[in-house]
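So the structure is just underneath, and the comments pick up after that.
Below, chains carry the letters A, B, ... as their sequence lines are ordered, and counting in each starts from 1.
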2 protein chains.
Amino acid sequence: MVRIKDVAREAGVAPSTVSLVMNKKGYVSEETRRKVEAAMKKLHYVPSGVARSLSLNRTNTIGVIMPSAAHPFFGELIGELETALYNAGYKMVLCCTHAKDNAEPHFVEMLKRRNMDGIIMGAHSLDEGLYDNLERPVVAFDRYLNDCIPIVHCDHCQGGKLAAETFLRHSCRHVVEIVGSSIMKTPADDYHRVAAEILTSQGVKVDRIERPWNEPSYASFMQIARQLFADYPDADGILGADLSVSACLYVAQERGLRVPEDVKLLAYDGTLITQMGTQPLTAIRQPIKELAELTVCKLLAMIKGEQDSQPWMIAPTFQPGATC
Amino acid sequence: MVRIKDVAREAGVAPSTVSLVMNKKGYVSEETRRKVEAAMKKLHYVPSGVARSLSLNRTNTIGVIMPSAAHPFFGELIGELETALYNAGYKMVLCCTHAKDNAEPHFVEMLKRRNMDGIIMGAHSLDEGLYDNLERPVVAFDRYLNDCIPIVHCDHCQGGKLAAETFLRHSCRHVVEIVGSSIMKTPADDYHRVAAEILTSQGVKVDRIERPWNEPSYASFMQIARQLFADYPDADGILGADLSVSACLYVAQERGLRVPEDVKLLAYDGTLITQMGTQPLTAIRQPIKELAELTVCKLLAMIKGEQDSQPWMIAPTFQPGATC
DNA sequence: CTGAAAGCGCTAACAG
DNA sequence: CTGTTAGCGCTTTCAG
């Protein structure tokens, strides 16, 4: 392996000069630069990223913790985060917590070991205190971690409002919400709360049915959908995450219900799957790309010790479809 | 920041002894061990991963290059790779090449900089020679890179056979294959080739229609599907990747065709999306989890300089559905 | 503008 | 069983 020292010797200069050339720092005469560059090329020199990180106390790497990469929402989010980080010169190391025993503390440990310059946390955390006293910055994505960790999220109150308005516009009288496990409090709870408040105030009956904790299999979505139609056969509006609502579409058809004539389905998230299949889902879309960019922007600002004046929240949009 | 030296001083021992304790190496007396552990705890010592990597010339990090994380197949694959790597004590740094200018060379550069111990490459590469003369191991996932880089992939010949048998079983007379861009030669081409050979030999007419290069938007899938039905109105069997076939299901319905009565649809891959919607897609499923585990196993064996006697290929399975 | 030298924090021989 | 010492490869003052 060829080191900076070898390049220096070959070029007849000191290692520090080679460093200056590599990093385009300071003043180096044109001639010296050329000599150094020639030496680097001749020796096929490739600098060590690790040594550099040790010296700089910075790895240009961000840890991203998400429940799963296979889930359409998180898959899309991970992709956008990676792109935003890449554009800022950072690498992304990914940790998926679902189906792992206790990956999360293990991963946070890596942050402490200074393997990463910061963390974006988008998984559920049941581990109180895990994020206290960290020396390096953490930004939460749509999650409450502790009082000190800032959160980037979609304006779910606005989302709830859009949802309620949609059901009201179609004169629904009985809306059922499929909500996540109540073990977990998240900013996304707001859309269910706000939608229910508005609908109730307009005399619409609202029920909710809860999904099991940490169970992302499609079969479980189907099961909830079946239970929903069994428990609330007169429901004429359903609100839930994309996958939940997608399952409802299937079960509605199974039961001979017409969508949207008999029952309106409104998906929350608006990922790719809402566009697929024979009947695209009407949805409230979270602007995933913008959320990812904002998250990265906020985290990098924290790393640089800067202030960033953008708000921490982005509004969702209404995405037309064939189910409302 | 507290360093190993500080712990050593606190415990009244040498840094090397602290290192031995941390890594559970060599022989350390019970008493010394306790003193060291107490000192570590007292000082809230967290070792530096970067310094360790520099010393060991090993980062316990693997680079994974994929086209996209938002695509159902790659999302699932990425998740399984991450889990397999995690279980082996490795972190995954992810690079998605789609929609980035030339991320791939940039990423390979990181491998050269020894930021990673190896690479799993699952993206298309048009960059000839990029993978030559690498000092650290690379395993390709379902891609041809160069003559030296081994490939883990699904047994696509078997997949093609399964597909052909399915169409024959349903007495199809005219099958259309939706194939990827011919710019790219991949192991997956085999299933189209083999299916076509078998079908043709049985007197079935086979046509193919090509998807544009590197264009993963759902709209483009819809466009191809429309073109397919326009060009081959008498097709009674369609074979293609999940998303392609999903789009065909939509368009078939749009044109008033009954599935599977008028036309059989067979999806290749069998990701989550085949299970969704009102009509689950019949599919040839690639065993993504097993493929991911095999890929990781092979790469880690290369890193350790070991031999691994497992074959580099895994057979696909038939997944029943409602479209054949 | 360039070079010498002192780190960055950990590991691994090798003595003792 | 433990301490000394010499790296790992790069960056960064600080003289000159």
Give the rounded distance in Å between these two atoms: [atom1] of [X] and [atom2] of [N].
| X | N | atom1 | atom2 | result |
| --- | --- | --- | --- | --- |
| A:Asp6 | D:dG9 | CG | P | 9 Å |
| A:Asn57 | D:dT11 | CG | C1' | 12 Å |
| A:Met40 | D:dG9 | CE | C1' | 15 Å |

Item to check | Member of A:Asp117, A:Val138, A:Val139 meeting the side chain to side chain contact (heavy atoms under 4.5 Å, CB included) criterion with A:Met302 | outcome: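 Checked A:Asp117, A:Val138, A:Val139 against A:Met302; only one passes side chain to side chain contact (heavy atoms under 4.5 Å, CB included): A:Val139.
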Check whether [X] reaches the backbone of [Y] with its side chain - one donor and one acceptor, N or O, closer than 3.5 Å.
| X | Y | value |
| --- | --- | --- |
| A:Ser19 | A:Thr17 | no |
| A:Asn146 | A:Cys148 | yes |
| B:Arg114 | B:Lys112 | yes |

Item to check | Chi angles and distances behind the salt bridge (charged side-chain N to carboxylate O under 4.0 Å, His left out) call for A:Lys298, A:Asp308 | outcome: CA-CA 7 Å; A:Lys298 291 293 188 183; A:Asp308 177 289; 2.9 Å; yes
Expected list for residues 38-51 of chain A: side-chain donor-acceptor pairs under 3.5 angstrom, two or more places apart:
{"unit_1": "A:Lys42", "atom_1": "NZ", "unit_2": "A:Glu10", "atom_2": "OE2", "d": "2.9"}
{"unit_1": "A:Ser48", "atom_1": "OG", "unit_2": "A:Val50", "atom_2": "N", "d": "3.3"}
{"unit_1": "A:Ser48", "atom_1": "OG", "unit_2": "A:Ala51", "atom_2": "N", "d": "3.0"}

Checklist entry - Does C:dC8 have OP1 or OP2 sitting under 4.0 Å from an N or O in the side chain of A:Ser53? => result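 Checking C:dC8 against A:Ser53, no side-chain N or O comes under 4.0 Å of OP1 or OP2.
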Checklist entry - When every nucleotide of nucleotides 9-16 of chain C is labelled 5' to 3' by its protein contacts under 4.0 Å (heavy atoms), B for base, S for sugar-phosphate only, - for none, what sequence of letters results? => result BBSB----
